Enquirer: 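Below: one structure in structure tokens.
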Number of protein chains: 2
Amino acid sequence: MVADPLGRRERKRLATHHALRTAALRLGAERGIRDVTVEEIATAADVSVRTFYDHFPSKEDAIIGFDAWRVGQLRDALASRPIDEAPLEALRVVMGQLFHESSDEWPLRMRAIKADPALMGRMFVSFIAYERALVEVIEQRTGLDSDTDPYPALVTAVATAAFRASMTTARASGGVLDPAATFDAAIARLSSALRPPADEDGNAAC
Amino acid sequence: MVADPLGRRERKRLATHHALRTAALRLGAERGIRDVTVEEIATAADVSVRTFYDHFPSKEDAIIGFDAWRVGQLRDALASRPIDEAPLEALRVVMGQLFHESSDEWPLRMRAIKADPALMGRMFVSFIAYERALVEVIEQRTGLDSDTDPYPALVTAVATAAFRASMTTARASGGVLDPAATFDAAIARLSSALRPPADEDGNAAC
DNA sequence: GAACTAATTGCACATCGTGCAGTCACTTTG
DNA sequence: CAAAGTGACTGCACGATGTGCAATTAGTTC
């Protein structure tokens, strides 16, 4: 018997979490999240409505579902990229991972967004939290202060834009284009314009 | 007496609309929109709660407040830019206008967003609708189809990113940086990477 | 086994957002 | 001008959302 690093309690909690997310994802993809009540999701996962709200702040979050702890995870991943890597390239690697994590959920997520495009906006809301964390890392990497230099906020926002546009395009193409590949291509295209500005040593910006 | 093109009824409606928006903006900037109820806003504007919902779908929309008709306005503005203008440059001109329209409301809007950062997310929920309209125009201008080419969605998303980053940076700088100027600079920086791809005549993309 | 902790639950409550029908002021038509 | 029509505002009812609180139950720690 292999020892599980997680206790039974934690495992059950994760199971509930997963059941709720899966139910929300399935129902949202089928009928559009606006036509699904929290009660339906909770019932499908065989828990109470109150428990749902212990796991997610809203039904939209259960579908978009970027947990708070993943913000820290993403920040650490960005911080551990080689220091000489261009900021946009580092962002490409880190954000690109999002396409591969729990990749079985993405098709359902895409269909749910198609059924209710307002979800794309909600997803954007989640990204704001990500960006705040990522901007801090970019500031450290480049030595630039967001209060005086637009670069950190700009490069992060542009990376998010590429992520978002890739999702939209891949969805519009009906499966012909791959989101991850489209994302990489978009970043490649933008990289020349977004090299970090010259530092105090006088290195060229372009 | 100068003839008013609007009838008395329409004038009263606009007055109510403005009173509601002003009240929402003021209360949201003072206490954060989460701590303000729709009832308070309606009372401040001296109308019923039900009337509020006849003007805005939610209290957040009353603050962010990009009306639906402005989507069409923006689309038309983009469509009437010179056809030989680069797409990103055309977007710069059109979106830059947003900073100048009803400019007296922007300081309050900024304070409301500071009091409740989730509003920034809501703002970009509105932008999704804008982007959908703008992407269509970009498709016509470039002759590219979003279903097969990522360019239209990408260039539009990047323009939005620049807009967003400019707002964030200008706010962080505490008034030192001007949002509109920062936006122009950001677009200028990105323009080289986002020239439209080569068309059927074989014009160079770079 | 006893004390502790955390997940789940029901309940109550304020708030949200919408459908519906009625009133009243303004507008249009004859 | 008078009648018919239209649209803004209103109150009411109702389902749904999201949160605080206290109780229960199951898992964990000592």
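We name chains A, B, ... by the order of the sequence lines, and we start the count at 1 in each one. When reading the values below, keep in mind they use all heavy atoms of this one structure, side chains included, and skip hydrogens, waters and symmetry mates. Only a predicted model underlies this, so the values are computations on that prediction, with no experimental measurement involved.
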Enquirer: In the structure I gave you, are the side-chain heavy atoms of A:Val176 and B:Thr148 within less than 4.5 Å of one another anywhere?
Expert: no
Enquirer: Show every donor-acceptor pair shorter than 3.5 Å between a side-chain atom in residues 82-99 of chain B and any protein atom, with sequence neighbours excluded, or say none if there are none.
Expert:
unit_1  : atom_1 : unit_2   : atom_2 : d
B:Glu85 : OE1    : B:Arg81  : NE     : 2.9
B:Glu85 : OE2    : B:Arg81  : NH2    : 2.9
B:Glu89 : OE1    : B:Arg92  : NE     : 3.1
B:Glu89 : OE2    : B:Arg92  : NE     : 3.3
B:Glu89 : OE2    : B:Arg92  : NH2    : 2.7
B:Arg92 : NH1    : B:Asp184 : OD1    : 3.0
B:Arg92 : NH1    : B:Asp184 : OD2    : 3.4

Enquirer: side-chain contact (heavy atoms from CB on, under 4.5 Å) with A:Gln140: which residues, sequence neighbours excluded?
Expert: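 Residues passing side-chain contact (heavy atoms from CB on, under 4.5 Å) with A:Gln140: none at all.
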Enquirer: For the helix from C:dG1-D:dC30 to C:dG30-D:dC1, what angle separates the axis at the start from the axis at the finish, each from five pairs, in steps of 10°?
Expert: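 That helix has its two terminal axes inclined by roughly 30°.
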Enquirer: Would you compute the distance between atom CG of A:Asp145 and atom OG1 of B:Thr169 and round it to the nearest 0.5 angstrom?
Expert: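 It is 10.5 Å, given to the nearest 0.5 Å.
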Enquirer: Could you list the residues that satisfy salt bridge (charged side-chain N to carboxylate O under 4.0 Å, His left out) with B:Arg31, not counting sequence neighbours?
Expert: B:Glu40
Enquirer: Applying salt bridge (Lys or Arg N to Asp or Glu O under 4.0 Å) to B:Arg26 and B:Glu30, what does each step give before you reach the verdict?
Expert: CA-CA 6 Å; B:Arg26 182 175 58 80; B:Glu30 283 173 3; 3.5 Å; yes
Enquirer: Sequence neighbours left out, what passes side-chain contact (heavy atoms from CB on, under 4.5 Å) with B:Pro152? Give chain and number order.
Expert: B:Val135, B:Ile138, B:Glu139, B:Leu144, B:Ser146, B:Asp149
Enquirer: Given side chains that start at C-beta, do those of A:Tyr151 and B:Arg189 come closer than 4.5 Å, heavy atoms only?
Expert: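 Yes, their side chains come closer than 4.5 Å.
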Enquirer: For DNA chain C, what residues of residues 44-55 of chain B have any heavy atom nearer than 4.0 Å?
Expert: B:Arg50, B:Tyr53
Enquirer: Can you measure from CD (B:Glu60) to CZ (B:Arg34) and round to the nearest 0.5 angstrom?
Expert: 9.0 Å
Enquirer: Can you pull the ring pair (Phe, Tyr, Trp, His ring centres under 6.0 Å) pairs that have at least one residue in residues 17-40 of chain B, sequence neighbours excluded?
Expert: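 Ring pair (Phe, Tyr, Trp, His ring centres under 6.0 Å) check on residues 17-40 of chain B returns B:His17-B:His55, B:His17-B:Phe56.
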Enquirer: Can you list every pair that meets salt bridge (Lys or Arg N to Asp or Glu O under 4.0 Å) and has a residue in residues 152-177 of chain B, with sequence neighbours left out?
Expert: A:Glu131-B:Arg164
Enquirer: Closest nucleotide of DNA chain D for A:Lys59 versus for B:Arg13: which of these residues is on the 5' side?
Expert: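 Closest to the 5' end, via its nearest nucleotide, is B:Arg13.
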Enquirer: In residues 14-24 of chain A, which residues come under 4.0 Å of DNA chain C by heavy atom?
Expert: A:Thr16
Enquirer: Base, backbone or nothing for each nucleotide of nucleotides 23-30 of chain D, written B, S, -, heavy atoms under 4.0 angstrom, 5' to 3'?
Expert: ---BBS--
Enquirer: Rounded off to whole Å, could you give me the CZ-to-C1' distance for the B:Arg34 and D:dT17 pair?
Expert: 12 Å
Enquirer: Holding to ring-ring contact (aromatic ring centres under 6.0 Å, His included), I want the full list of residues that pass it with A:Phe124, two or more places apart in sequence or in another chain.
Expert: B:Phe124
Enquirer: For the atom pair CE (A:Met110) and CD1 (A:Ile113), what is the distance rounded to the nearest 0.5 Å?
Expert: 7.0 Å
Enquirer: Give the first and the last nucleotide of DNA chain C, reading 5' to 3', that has any atom under 4.0 Å from a heavy atom of chain B.
Expert: C:dT15 to C:dT27
Enquirer: Apply side-chain contact (heavy atoms from CB on, under 4.5 Å) to residues B:Phe183 and B:Met167 and explain how you reach the verdict.
Expert: CA-CA 8 Å; B:Phe183 175 65; B:Met167 277 195 60; over 6 Å; no
